[in-house]
2 protein chains.
Amino acid sequence: MSAIPAQFSRVAIIGAGLLGTSVAHAVRRFLPDTVIQFADQDPEAVAVLREIFPEALATTNPVDAVRGADLVVLCVPVRAMAPVAQSIAGHLQLGTVVTDVGSVKRSVITDLSAALGPDVTVIAGHPVAGSGRSGPRAGFADLFVGRFVILTPEETVDADALERLSAFWKALGAMVEIMDADEHDLVLALTSHLPHLIAYTIVGTAADFEDVSESDVMRFSAGGFRDFTRIAASDPVMWRDIFLTNKDAVLEALGRFSEDLAALQRAIRWGEGDKLEAWFTRTRTVRQGIIDIGQDTAEADFGRRGGAAGDEGDGPVLKPYAND
Amino acid sequence: MSAIPAQFSRVAIIGAGLLGTSVAHAVRRFLPDTVIQFADQDPEAVAVLREIFPEALATTNPVDAVRGADLVVLCVPVRAMAPVAQSIAGHLQLGTVVTDVGSVKRSVITDLSAALGPDVTVIAGHPVAGSGRSGPRAGFADLFVGRFVILTPEETVDADALERLSAFWKALGAMVEIMDADEHDLVLALTSHLPHLIAYTIVGTAADFEDVSESDVMRFSAGGFRDFTRIAASDPVMWRDIFLTNKDAVLEALGRFSEDLAALQRAIRWGEGDKLEAWFTRTRTVRQGIIDIGQDTAEADFGRRGGAAGDEGDGPVLKPYAND
């Protein structure tokens with residue numbers, strides 16, 4: 001066993017959305033000795049931060065937020081990483097670790113390295129966790145508990161810095177996974193970006209269908225559509241940036257999806273029931289695999305409505321599901 | 001107000017899956033005076049029925065199950081409706097109402113009318129409710145509470161029979177909606193059949209991706225993919241039949257979806273961020289509409305794991321969700 005890596009003493013969080021404020025809530029709960037310094041470009045968000053985190057610095061100026069910080073966590077949309085990094089370049093103390101929470105990693109590494117130069121330790125990261133909410137009131141301390149945080153360090157990264165950053169996320173309850181940035185971008189294109197693109201598409205398609213009133217689409221959404229609308233309600237700017245910065249991997253995944261969909265479409269048109277049944281049977285095993293490794297529960301949610309509509313409490317609530 | 005319609009006194013349920021056994025559980029709870037007579041072609045399912053519903057008749061012979069029944073509920077896959085109806089034709093008492101729970105309505109009406117002849121009252125129906133589970137142990141009494149049951153009567157149907165069937169479903173907690181069969185098939189193609197086809201496709205696409213180990217797909221499924229796997233674990237035979245019998249509406253919906261997806265794909269390839277953001281913003285309003293009419297709760301489920309993996313209790317459990 002190596003010695004316990006030194007904790008960060010002062011964490012700058014740039015961007016006060018779901019992820020940024022969740023990091024702050026989690027630090028307050030799990031690392032109470034760590035000082036928090038917040039920056040957000042929106043003065044209204046800063047006002048909310050001062051209310052929720054009275055013990056923390058909160059400012060619209062990222063230069064003030066990073067002053068004296070030994071860890072900087074960039075929690076802004078992927079394409080905002082470069083301008084934010086440019087604004088703090090030259091204001092970081094020696095040895096500061098800069099990380100992020102973006103859903104695309106290669107473009108972020110390129111942008112941060114270019115803006116910050118070779119003397120700053122950049123270790124890009126991605127907590128695979130979220131909720132449908134956004135904004136400075138969306139965060140909560142448990143967001144990372146039991147969730148994967150993927151770190152994508154370059155090969156030349158300082159080992160001690162990587163160990164300290166890993167320990168930071170583990171302290172917040174996460175499981176840390178080290179991965180190559182390109183591999184990350186391909187895996188997430190499949191498991192997250194493509195599903196979001198599909199969900200966004202289908203919800204728009206249904207809303208446009210002139211023979212079906214929007215009301216009917218909503219009223220009978222329990223048949224599967226509702227799950228897509230939940231995904232398709234995610235933050236538009238964040239997702240625009242993800243698709244633009246992970247273009248190649250998304251287009252690759254999308255090409256394969258389209259081929260497979262065309263094959264199933266043809267099977268439907270020509271009445272090839274055996275092909276359909278074989279495909280639908282195979283996909284069941286993927287579901288079972290996810291349950292087996294503990295990333296979801298068995299299907300034990302029986303189409304129930306779990307809470308009053310409009311429930312916005314911070315605790316987990318029951319979620320309805322129906323599938324036919 | 002008209003008089004309260006006469007209750008059915010003896011209900012035959014053909015098919016002991018999630019829907020069939022849920023009807024039985026709900027009848028036992030909400031209409032305890034009604035006699036239940038079950039048939040399922042699988043002797044093992046019949047044995048389970050005798051254990052769970054000791055007060056009910058359970059048999060492999062549908063002719064025995066419909067004897068003396070004034071309501072017959074067919075709870076078999078859509079393409080099994082015709083052979084089942086043929087087997088009970090001529091064994092129904094005068095005035096018996098025959099209904100079903102299939103997800104496609106036009107083909108079922110055609111099949112049942114052809115098999116049963118003009119003297120039998122057929123009122124096709126579709127409870128828009130379900131769960132990821134199937135089999136004779138999957139049912140529960142609350143499945144229909146607060147859910148829509150769509151009835152698609154032909155114009156010539158007996159009004160009293162329709163009123164009695166509506167009252168039956170309302171007694172089980174459902175909201176009854178009368179709709180034209182073709183309209184139903186188009187609406188459900190959009191809100192249920194297309195989402196299922198897409199989910200089945202994408203789960204297979206991801207599982208096939210040779211550069212990504214299946215394990216990574218599963219481990220990082222919290223990013224959106226997991227929601228698709230839940231849908232894609234639905235019963236393969238049931239869904240094969242749905243796509244084959246609602247072919248035209250599904251292909252129509254699929255054609256529009258493919259056009260929209262191609263447009264978004266092109267926007268990604270050419271870096272048209274404004275188009276992407278506008279589309280993603282519009283889909284949020286559909287989500288809000290569903291919440292507003294009470295068919296789902298607001299997004300207040302924060303990526304939490306709600307229960308131990310493998311939890312198969314009959315009550316509703318917390319369901320995890322994460323979206324980036």
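Every chain is numbered from 1, with letters handed out A, B, ... down the list of sequences. Since this is a predicted model, take the numbers as computed values, not measurements.
Side chain of A:His196 to backbone of A:Ser192: a donor-acceptor contact under 3.5 angstrom is found. Side chain of A:Asp142 to main chain of A:Val145: no donor-acceptor pair is present (N/O by atom type, distance under 3.5 Å, no hydrogens or angles). In this structure, B:Ser22 contributes its side chain and B:Leu19 its backbone to no donor-acceptor pair below 3.5 Å.
Among the candidates B:Leu261, B:Val217, B:Val203, B:Asp216, the residue making the largest number of heavy-atom pairs closer than 4.5 Å to chain A is B:Leu261. The candidate with the highest count of non-hydrogen atom pairs below 4.5 Å against chain B, out of A:Ile150, A:Asp274, A:Val237, A:Val250, is A:Ile150. Put simply, of B:Ile198, B:Thr285, B:Leu194, the one with the most heavy-atom pairs under 4.5 Å next to chain A is B:Ile198. The most heavy-atom pairs under 4.5 Å with chain A, out of B:Gly271, B:Ala262, B:Ser258, B:Gly273, come from B:Gly273. With chain A as the partner, the residue from B:His193, B:Glu272, B:Arg240 showing the most heavy-atom pairs under 4.5 Å is B:Arg240.
If you measure heavy-atom distances from A:Leu264 to chain B, the contacts under 4.5 Å come from the side chain alone. For a residue to count as touching a neighbouring chain, one of its non-hydrogen atoms must lie under 4.5 Å from one of that chain's; by this rule A:Arg269 touches chain B with backbone and side chain alike. When heavy atoms are compared at a cutoff of 4.5 Å, A:Glu177 approaches chain B solely by way of its side chain, counted from C-beta outward. Only the side chain of A:Leu254 has a heavy atom closer than 4.5 Å to any heavy atom of chain B.
Partners of A:Asp260 according to the salt bridge (Lys or Arg N to Asp or Glu O under 4.0 Å) rule, which considers only residues two or more places apart in sequence or in another chain, do not exist here. Checked against ring-ring contact (aromatic ring centres under 6.0 Å, His included), B:Phe280 has the following partners two or more places apart in sequence or in another chain: A:Tyr200, A:Phe243.
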message = Apply side-chain hydrogen bond (donor to acceptor under 3.5 Å, both in side chains) to residues A:Thr229 and B:Arg287 and explain how you reach the verdict.
response = CA-CA 5 Å; A:Thr229 67; B:Arg287 173 73 187 158; 3.1 Å; yes

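Proximity of the aromatic rings of A:Phe220 and A:Phe225 is defined here by a centroid distance below 6.0 angstrom, and this criterion is not met.
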